[in-house]
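Hydrogens, waters and symmetry mates play no part in the numbers below; they use all other heavy atoms, side chains included.
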Amino acid sequence: GQRNKMKVYQKLKFSHDGVDKEILFGTPDSKEEFEKMYSLRFDVYAENDYFHESFGGFKEKTDQDSYDLDGKCLYAIAVVDGDRVIGAVRLIRDKVLPTEMFFKFDTPQEIEAILGYNRGEIGRLVIQLYSKSSFFPRNLILLFLLKTIFQIGNQHGGKGGYSFIKKS
C-alpha cells in the first residue's frame with residue numbers, strides 16, 4: 001500500500017525473528033488511519049471485557065465516544081509493517097476533564113495553575129500483541145507512544161494533566 005502522510009515523530013527499529021522491523025510513531029492523518037485506530041481500540045477493549053453490552057459500537061466494531069466525535073482529542077498511533085496500527089493513545093482536551101468529573105480529589109496546585117485547554121488527559125492507551133508466538137517490545141511501544149503524545153500535546157500548548165490506571 002501507499003504510505004499515508006502520517007506525521008512521524010519517532011521510529012523504533014529492531015530485529016524480529018531475524019527480520020528488520022520498524023515501528024513508526026505519529027499522528028493519524030487519513031480516514032483509513034483513524035478507522036484502524038478506532039477499530040484497534042475496540043478490539044483491545046472488547047478482548048479485555050471493558051465494554052458493557054449497552055456499548056454503542058458493537059455492530060461496527062469501533063470505539064468512538066463524544067470526545068472523539070466532538071474533536072476534543074489529539075492522537076498518537078504506532079504503525080508497523082507499512083499500515084498495521086498496533087498501538088494508540090489519545091489526549092483529551094476539554095475545559096473539564098473526565099478525571100475531574102468522575103473522581104473526588106483536590107486538584108494539585110501544579111495542575112490548578114494550568115488554564116483551560118492547556119491541560120489534558122491521556123486515555124484509550126492500547127497496544128496489540130504483534131502475534132501470539134513472538135516477542136515484540138510492547139513495553140517500548142508504550143514508552144514511545146507516550147513520548148509521542150507528549151510531543152504532540154506540547155505542540156498544541158499542553159502543559160500538564162491527568163491519566164488514571166485501573167488497578168487490574
Note to self: Before you tell me yes or no, could you show the steps for E100 and R119 under salt bridge (Lys or Arg N to Asp or Glu O under 4.0 Å), namely the whole-Å CA-CA distance, both residues' side-chain angles and the distance that decides it to 0.1 Å?
What the structure shows: CA-CA 11 Å; E100 297 168 323; R119 53 169 95 162; 2.4 Å; yes
Work out which heavy atom in [X] is nearest to a heavy atom in [Y]; give both atom names and the distance.
| X | Y | answer |
| --- | --- | --- |
| A76 | T148 | CB-CG2, 3.9 Å |
| I152 | H156 | O-ND1, 2.9 Å |
| A88 | L145 | N-CD1, 3.6 Å |
| P98 | I92 | CG-CD1, 3.8 Å |
| G26 | M6 | N-CE, 3.8 Å |
| V126 | R41 | CG2-CG, 3.9 Å |

Can you get from [X] to [Y] by hopping between Ile, Leu, Val, Met, Phe, Trp and Tyr side chains that sit under 4.5 Å apart?
| X | Y | value |
| --- | --- | --- |
| F105 | F102 | yes |
| L40 | F25 | no |
| F144 | L129 | no |
| L140 | I127 | yes |
| L91 | I111 | no |

Taking atom [atom1] of [X] and atom [atom2] of [Y], what is their separation to the nearest 0.5 Å?
| X | Y | atom1 | atom2 | answer |
| --- | --- | --- | --- | --- |
| Q151 | L74 | CD | CG | 13.0 Å |
| T99 | E121 | OG1 | CD | 3.0 Å |
| E22 | F14 | CD | CZ | 10.0 Å |
| D17 | S131 | CG | OG | 7.5 Å |

Side-chain contact, heavy-atom cut-off 4.5 Å: [X] with [Y]?
| X | Y | result |
| --- | --- | --- |
| L125 | L142 | yes |
| V89 | I122 | yes |
| K21 | K13 | no |
| I141 | I23 | yes |
| Y9 | L24 | no |

Item checked: Polar side chain donor-acceptor pair, Q128 to E47, under 3.5 angstrom ->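 No, because no side-chain N or O of Q128 sits under 3.5 Å from a partner of the opposite role on E47.
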Next item on the list: Indicate whether the side chain of Y75 and that of D29 have a donor and an acceptor atom separated by less than 3.5 Å.
Entry: no
Check: With no hydrogens and no angle check, is any side-chain donor or acceptor of Q64 less than 3.5 Å from a backbone partner on L69?
Finding: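 Looks like no, no N/O pair under 3.5 Å.
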Margin query: Main chain of K72, side chain of D70: is a donor-acceptor contact present, judged purely on distance under 3.5 Å?
Written below: no
Check: Looking at Y162 versus F103, is the centre-to-centre ring distance below 6.0 Å?
Finding: no
Note to self: Just checking F164: does its CZ atom have more than 12 heavy atoms from other residues, nucleotides or ligands closer to it than 6.0 angstrom?
What the structure shows: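 No - once you tally the heavy atoms of other residues, nucleotides and ligands closer than 6.0 Å, there are 12 at most.
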Item checked: NZ or CZ of R124 within 45° of Y45 ring axis and under 6.0 Å ->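 Flagged: R124 positioned over aromatic ring of Y45.
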Check: Parallel under 30°, tilted from 30 to 60°, perpendicular over 60°: which one fits the rings of F34 and Y38?
Finding: tilted
Check: Should the ring pair F136 and Y130 be called parallel, tilted or perpendicular, given that the plane angle runs from 0 to 90° and is split at 30 and 60?
Finding: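 Parallel: the ring planes of F136 and Y130 meet at under 30°.
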Next item on the list: Could you tell me whether D43 and K36 make a salt bridge, using a distance below 4.0 angstrom between a side-chain N and a carboxylate O?
Entry: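 No, D43 and K36 are not salt-bridged.
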Item checked: Salt-bridge contact R90-D68 (side-chain N to carboxylate O under 4.0 Å) -> yes
